[in-house]
Amino acid sequence: MTSPVVIIGTGLAGYNLAREFRKLDADTPLLLITADDGRSYSKPMLSTGFAKHKDADGLCMAEPGAMAEQLKAEIRTHTRISGIDPGHKRLWIGEEAVQYRDLVLALGAQTVQVPIEGDGAEQVFPINDLEDYARFRAAAAGKRRVLLLGAGLIGCEFANDLTLGGYQCDVVAPCEQVMPTLLHPAAAKAVQAGLEALGVRFHLGPVLTRLQRSGDGLEAHLSDGRTIACDLVVSAVGLRPRTELAAAAGLQVNRGVVVDRQLRTSHANIFALGDCAEVEGINLLYVMPLMACARALAQTLVGNPAGVNYGPMPVTVKTPACPLVVSPAPMGREGTWQVEGQGSDLKVLCYSADGQLLGYALTGSAVLEKLALNRQLPPLMA
Ligand code: FAD
């Protein structure tokens, strides 16, 4: 019997690749393996659950059984891969060996865990998949005050959504502005002001040093001596590509699993895409790049080797309190910034020395200029 094409992971990367592959090849056996429950969902929607009045079940788009039928694939859920043996084209699930024709790693990224002292540590919730979200929603029922760790894109989105859901949100982060790695300070100020006007309270600079039970709730102690009363804590301090399996199998890893333009790792027959992959030095944790990778890789897997191209990849940040679209400059391209507009309506543009638009951040009503500006941006990877 022919060994299957095996995809590890049923997030947006794994399921989109399977869909693209099936458009081109209806017959090759396809096996998807996932450590989670295999439900199909759109991860970006996790930070819109309260605004859309959807809990984890409401955000689920299809059960794994329906996905298996749709994709003409076998899907093994709650199954964790423990090792890969590239030399023999097989992988390990505990003691069980599974042969593959081609293997695709769509392992995603894991939340960075910060060690937290105190007896309240089990009330800290990372939210990085549907199961995390279900646990958080169950714990948050009947509660009122959420402390958010992290003021990056995901922290700000959760702050906006939880506030819309009726929670008092305090955001603690050891940085001077929101989204420090993504935003020019002027745009960051506009977003922070929009969220503050909604009711979010920011504590930028200190870190959480101790989380202590106190009556029915918790007391969060910050490094600057302040104390915040809360009921539970959401941790959004960052994500790290899952590279351990690939590294243990001897594949080249850097920040992510290193792949070339055809999404091929340092071993023939093993590919990677999505949050876990670093494509020609670029590791993007967004949906648009993984969709481009899924289309290209499907072609390669059916015998038409195809390289991926990244055009401009603007990200719409889901902070309706201050609409924001951001398109970071391509890696390694320095530019100078120009800020236009005022208040919450800002156009922050990054230009190269020869006048080429490299990137932008648009806030408030300026987001309407997104399409026109996108046409002027260089591709992230031509
Ligand atoms: P994942 O969805 O993490 O899937 C990884 C899969 O690998 C899972 O099925 C997991 O079970 C499986 N797995 C891992 N290890 C093993 C193992 N050892 N064995 C078996 N299976 C394993 N991006 C945007 O572009 N726009 C947005 O607005 C946006 N909003 C976001 C909001 C939130 C709250 C979050 C968390 C992310 C957001 N993102 C957004 C990022 C985007 O959602 C991700 O880039 C994308 O979903 C990643 O998909 P993935 O399939 O690579 O990874």
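Counting starts at 1 for both ligands and their atoms, following the listed order. Positions are given from 1 along the sequence. Just so it is clear, the model here is predicted, and its values are computed rather than measured.
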Counting heavy atoms under 4.0 Å, the part of Ala106 that contacts ligand 1 is backbone

Salt bridge between Arg90 and Glu96, side-chain N to carboxylate O under 4.0 Å?
no

Any donor-acceptor N/O pair, Asp102 side chain to Val5 backbone, under 3.5 Å
no

Give the numbers and elements of all ligand 1 atoms closer than 4.0 Å to a heavy atom of Thr79.
19 (N), 20 (C)

Residues Asn374 and Tyr360: side-chain donor-acceptor under 3.5 angstrom:
yes

Name the option, out of Ile154, Val317, Leu290, that contains the heavy atom nearest to atom 49 (O) of ligand 1.
Leu290

N/O donor-acceptor pairs under 3.5 Å from side chains in residues 197-207, not counting sequence neighbours:
residue: Arg201; atom: NE; partner: Asp170; partner atom: OD1; Å: 2.9
residue: Arg201; atom: NH2; partner: Asp170; partner atom: OD2; Å: 3.1
residue: His203; atom: ND1; partner: Arg226; partner atom: NH1; Å: 3.2
residue: His203; atom: NE2; partner: Asp170; partner atom: OD1; Å: 2.7

Considering non-hydrogen atoms of the protein only, which is the closest contact for atom 41 (C) of ligand 1, and what is the distance?
Leu285 O, 3.4 Å

Below 3.5 angstrom, do we get any N/O pair linking Val315 and ligand 1?
no

Measure the distance from atom 21 (N) of ligand 1 to every protein heavy atom, then report the residue, atom name and distance (to 0.1 Å) of the closest one.
Ala35 N, 3.0 Å

What I want to find out is whether Lys72 reaches Asp27 closely enough, with some N-O distance under 4.0 Å, to be called a salt bridge.
yes

Residue, atom name and distance, where the atom is the protein heavy atom closest to atom 25 (O) of ligand 1:
Val287 N, 2.8 Å

Atom 16 (C) of ligand 1: closest protein heavy atom, distance to 0.1 Å, is Leu107 CD2, 3.6 Å

Determine the minimum heavy-atom distance between Trp92 and Ala97, stating which atoms define it.
CZ3-CB, 3.5 Å

Among all the protein's non-hydrogen atoms, which is closest to atom 4 (O) of ligand 1, and how far away is it?
Gly11 CA, 3.6 Å

Just which atoms of ligand 1 are under 4.0 Å from any heavy atom in Ile8?
19 (N), 20 (C), 21 (N)

Using a 4.0 Å heavy-atom threshold (strictly under), name the region of Leu245 that reaches ligand 1: side chain, backbone, both or neither.
side chain

Below 3.5 angstrom, do we get any N/O pair linking Ile81 and ligand 1?
yes

For the pair His184 and Trp337, name the ring-plane relationship: parallel under 30°, tilted 30 to 60°, perpendicular over 60°.
tilted

Answer yes or no: are there more than 12 heavy-atom neighbours, outside Arg22 itself, under 6.0 Å from its atom CZ?
yes

Note: Leu239, heavy atoms under 4.0 Å from ligand 1, region reported as neither

Give me the residue, atom name and distance of the protein heavy atom closest to atom 40 (C) of ligand 1.
Pro44 CG, 3.7 Å

Side chain or backbone, does Asp36 bring an N or O within less than 3.5 Å of an N or O on ligand 1?
yes

Over-ring placement of Arg137 relative to Phe50, 6.0 Å and 45° cut-offs:
yes

Side chain or backbone of Thr10 under 4.0 Å from ligand 1, or both, or neither, by non-hydrogen atoms?
both

Given Arg242, Arg39, Met291, Lys43, which one has a non-hydrogen atom that is nearest to atom 43 (O) of ligand 1?
Lys43

Should you measure from each heavy atom of Gly274, which atoms of ligand 1 turn up under 4.0 Å away?
52 (O)

Under 3.5 Å, is there a donor on one side chain and an acceptor on the other for Arg261 and Asn309?
yes

Nearest protein heavy atom with distance in Å, relative to atom 12 (C) of ligand 1:
Gly9 CA, 3.7 Å

Taking the side chain as every heavy atom from C-beta outward, state whether Leu130 and Leu59 have any pair of such atoms under 4.5 Å apart.
yes

Number the atoms of ligand 1 from 1 as they appear, then name those within less than 4.0 Å of a heavy atom of Lys318, with their elements.
27 (C), 28 (O), 29 (C), 30 (N), 31 (C)

Check contact between Tyr15 and ligand 1, using heavy atoms of the residue and a distance below 4.0 angstrom.
no

Any side-chain heavy atom of Val259 within less than 4.5 Å of one from Glu280?
no

Any N or O of Leu46 that comes nearer than 3.5 Å to an N or O of ligand 1?
no

Please determine if Glu117 and Arg210 form a salt bridge, counting it only when a charged side-chain N lies under 4.0 Å from a carboxylate O.
yes

Smallest separation among heavy atoms of Val171 and Ala151, with atom names:
CG1-CB, 4.0 Å

Show me which atoms of ligand 1 lie under 4.0 Å from any heavy atom of Phe158.
34 (C)

Provide the number and element of each atom of ligand 1 under 4.0 Å from a heavy atom of Glu157.
30 (N), 32 (C)

Among protein heavy atoms, which lies nearest atom 45 (O) of ligand 1, and at what distance?
Asp275 OD1, 2.7 Å

Do you know which of Asp231, Val234, Thr163 makes side-chain contact (heavy atoms from CB on, under 4.5 Å) with Val146?
Val234

Heavy-atom gap Asn16 to ligand 1 smaller than 4.0 Å
no

